[in-house]
Student: 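Attaching a single structure in structure tokens format; questions to follow.
Computed from a prediction, not measured in an experiment: that's the story for all the values here.
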Amino acid sequence: MDEMDLLKRSSGPVTRSRISRDLAALGLGDGDVVMFHTRMSAIGYVAGGPQTVIGALQDVVGTQGTLMVTCGWNDAPPYDFVTWPQDWQDVLRAEHPAYDPALSEADHNNGRLPEALRRRPGAVRSRHPDASFAALGAAATELMADHPWDDPHGPDSPLARLAAHGGRVLLLGAPLDTMTLLHHAEALAEAPGKRFVDYEQPILVQGQRVWRRFHDIDSEDGAFDYSAVVPEGKEPFGVIVQDMLAAGIGRQGSVGAAESHLFEAAEVIDFGITWMENKLGG
């Protein structure tokens with residue numbers, strides 16, 4: 001979509017003040033701790049790009065509020081590198097750079113906003129290479145501290161702390177299936193057939209590069225096989241969130257031209273766990 005199409009769809013340039021007003025009308029407020037997912041193209045032509053969106057969010061949550069995003073690591077070694085020819089593995093182990101929270105780029109698949117936020121002065125990024133998050137604001141350090149190496153989507157993860165802080169989730173023009181918080185529900189749900197992954201990645205320990213082994217739910221291909229309960233061609237998280245909205249959980253409104261949604265983190269987790277356990281036979 002070109003810039004003229006974006007302008008027409010959003011009735012002109014989408015500015016920081018307009019985004020702030022729309023977010024406030026949606027229900028976001030002063031002091032909120034909010035994890036957000038954004039599809040920039042859905043908003044319209046945003047004057048100033050990602051920094052405008054971040055600035056608008058800061059305007060609404062204020063100095064006592066906190067913004068949070070999921071980052072990951074764009075240049076992480078692939079899980080299956082251990083199946084490569086041995087000489088390839090040896091080279092990778094010898095020279096692949098370690099994950100560095102200050103330098104390693106956020107996963108490009110998460111859009112432009114996570115990278116823009118994690119580079120902001122004062123932003124704090126968690127230490128886990130594969131499942132890293134970043135936060136900016138009053139609760140940033142507390143949310144990101146000591147991200148568990150194993151089960152990084154489970155208890156005491158940044159996702160668990162988001163809920164403990166009375167946090168919220170904002171889908172700012174983002175598809176319903178981008179609800180990362182549902183990985184926390186997967187980690188907690190007691191249902192049969194839960195799938196896990198074990199993998200190795202290099203991290204820094206006291207300034208030294210060290211390869212470490214990690215254990216987590218399979219957040220890439222799905223912690224569960226949802227094929228029996230999710231229609232073919234549908235994304236499981238999208239179906240769960242749609243059911244959530246149908247149950248009256250979450251608010252819906254427009255931010256710029258983007259259909260957006262605001263949820264209470266604790267409600268998302270409770271609904272997600274119940275949905276998974278009931279649908280998957282827990």
Side-chain angles (χ1 to χ4, degrees), residues 1-70 106 110-123 133-140 143 162-163 165-181 238 241-242 244-246 248-268:
M1 185 177 296
D2 62 25
E3 290 182 0
M4 185 55 66
D5 288 334
L6 290 172
L7 284 166
K8 289 177 180 177
R9 196 181 67 184
S10 58
S11 302
V14 180
T15 61
R16 177 167 172 166
S17 62
R18 179 178 171 187
I19 295 172
S20 297
R21 290 193 301 271
D22 289 349
L23 288 170
L26 184 61
L28 196 67
D30 188 61
D32 279 350
V33 177
V34 59
M35 180 177 184
F36 65 98
H37 304 270
T38 310
R39 175 171 283 178
M40 287 285 295
S41 61
I43 302 173
Y45 176 76
V46 178
Q51 298 303 339
T52 293
V53 176
I54 293 170
L57 285 160
Q58 287 181 305
D59 291 342
V60 178
V61 304
T63 58
Q64 295 306 305
T66 305
L67 308 179
M68 177 172 156
V69 290
T70 182
N110 293 326
R112 298 169 64 191
L113 269 295
E115 179 67 10
L117 185 133
R118 73 138 195 109
R119 293 168 66 96
R120 277 276 184 125
F133 297 86
L136 178 67
L143 289 170
L162 174 70
H165 276 74
R168 314 177 85 179
V169 179
L170 171 67
L171 301 183
L172 187 52
L176 300 182
D177 62 22
T178 60
M179 179 74 80
T180 299
L181 185 58
V241 177
Q242 193 65 62
M244 202 178 300
L245 291 166
I249 296 172
R251 303 183 184 192
Q252 183 174 343
S254 294
V255 178
E259 180 179 351
S260 300
H261 301 84
L262 183 65
F263 301 87
E264 305 301 323
E267 292 182 349
V268 170

Student: So, using side chain to side chain donor-acceptor pair (under 3.5 Å) as the criterion, who are the partners of Arg16 when residues are at least two apart?
Tutor: Asp59

Student: I want to check something: taking the side chain as every heavy atom from C-beta on, are Leu181 and Phe263 in contact at a cut-off of under 4.5 Å?
Tutor: no

Student: Partners of Gln252 by side chain to side chain donor-acceptor pair (under 3.5 Å), sequence neighbours excluded?
Tutor: Glu259

Student: Yes or no on side-chain contact (heavy atoms from CB on, under 4.5 Å) for Thr66 and Val34, after CA distance, side-chain angles and deciding distance?
Tutor: CA-CA 6 Å; Thr66 305; Val34 59; over 6 Å; no

Student: Between atom CD of Gln64 and atom CG of Asp30, what is the distance when rounded to the nearest 0.5 Å?
Tutor: 8.0 Å

Student: With sequence neighbours excluded, give me every salt bridge (Lys or Arg N to Asp or Glu O under 4.0 Å) pair touching residues 110-122.
Tutor: Glu115-Arg118, Glu115-Arg119

Student: Does the pair Thr38 and Ile43 meet the rule for a side-chain contact (heavy atoms from CB on, under 4.5 Å), with working shown?
Tutor: CA-CA 9 Å; Thr38 310; Ile43 302 173; 3.9 Å; yes

Student: Do the non-hydrogen side-chain atoms of Leu57 and Leu28 ever get within less than 4.5 Å of each other?
Tutor: yes

Student: Quick check: do Met68 and Val33 have side-chain heavy atoms less than 4.5 Å from each other?
Tutor: no

Student: Would you call Asp32 and Val60 a side-chain contact if the rule is heavy atoms closer than 4.5 Å?
Tutor: no

Student: Please identify each residue that fulfils side chain to side chain donor-acceptor pair (under 3.5 Å) with Ser254, with sequence neighbours left out.
Tutor: none

Student: Applying side-chain contact (heavy atoms from CB on, under 4.5 Å) between Leu162 and each of Val169, Val268, Thr180, report the one that passes.
Tutor: Val169

Student: Can you see which heavy atom on Gly256 is nearest to which on Asp22, and at what distance?
Tutor: N-OD2, 2.8 Å

Student: As an exercise, state the distance from CG of Leu23 to CZ of Arg18, rounded to the nearest 0.5 Å.
Tutor: 11.5 Å

Student: Dump the intermediate steps for side-chain contact (heavy atoms from CB on, under 4.5 Å) on Thr70 and Thr178, then the final yes or no.
Tutor: CA-CA 10 Å; Thr70 182; Thr178 60; over 6 Å; no

Student: Applying ring pair (Phe, Tyr, Trp, His ring centres under 6.0 Å), can you list everything that pairs with Phe133, at least two apart in sequence or on another chain?
Tutor: His147

Student: What is the distance from atom NE2 of His37 to atom CG of Leu113, rounded to the nearest 0.5 Å?
Tutor: 11.0 Å

Student: Are any non-hydrogen side-chain atoms of Met244 and Leu176 less than 4.5 angstrom apart?
Tutor: no

Student: List in chain and number order the residues that pass side chain to side chain donor-acceptor pair (under 3.5 Å) with Glu264, two or more places apart in sequence or in another chain; answer none if no residue qualifies.
Tutor: Arg168

Student: Evaluate the side-chain proximity of Leu170 to Leu26: yes if any heavy-atom separation is below 4.5 Å, no if none is.
Tutor: yes

Student: List the atom of Gly173, the atom of Ala42, and the distance in Å for their closest heavy-atom pair.
Tutor: O-CB, 3.7 Å

Student: Can you list every pair that meets salt bridge (Lys or Arg N to Asp or Glu O under 4.0 Å) and has a residue in residues 44-53, with sequence neighbours left out?
Tutor: none

Student: Just how far is it from atom CG of Leu245 to atom NE2 of His261, taken to the nearest 0.5 Å?
Tutor: 5.0 Å

Student: Would you check if Asn110 and Val69 make a side-chain contact, meaning some heavy-atom pair closer than 4.5 Å?
Tutor: no

Student: Tell me whether Ser17 contacts the main-chain N or O of Thr15 through its side chain, where contact means a donor paired with an acceptor under 3.5 Å.
Tutor: no

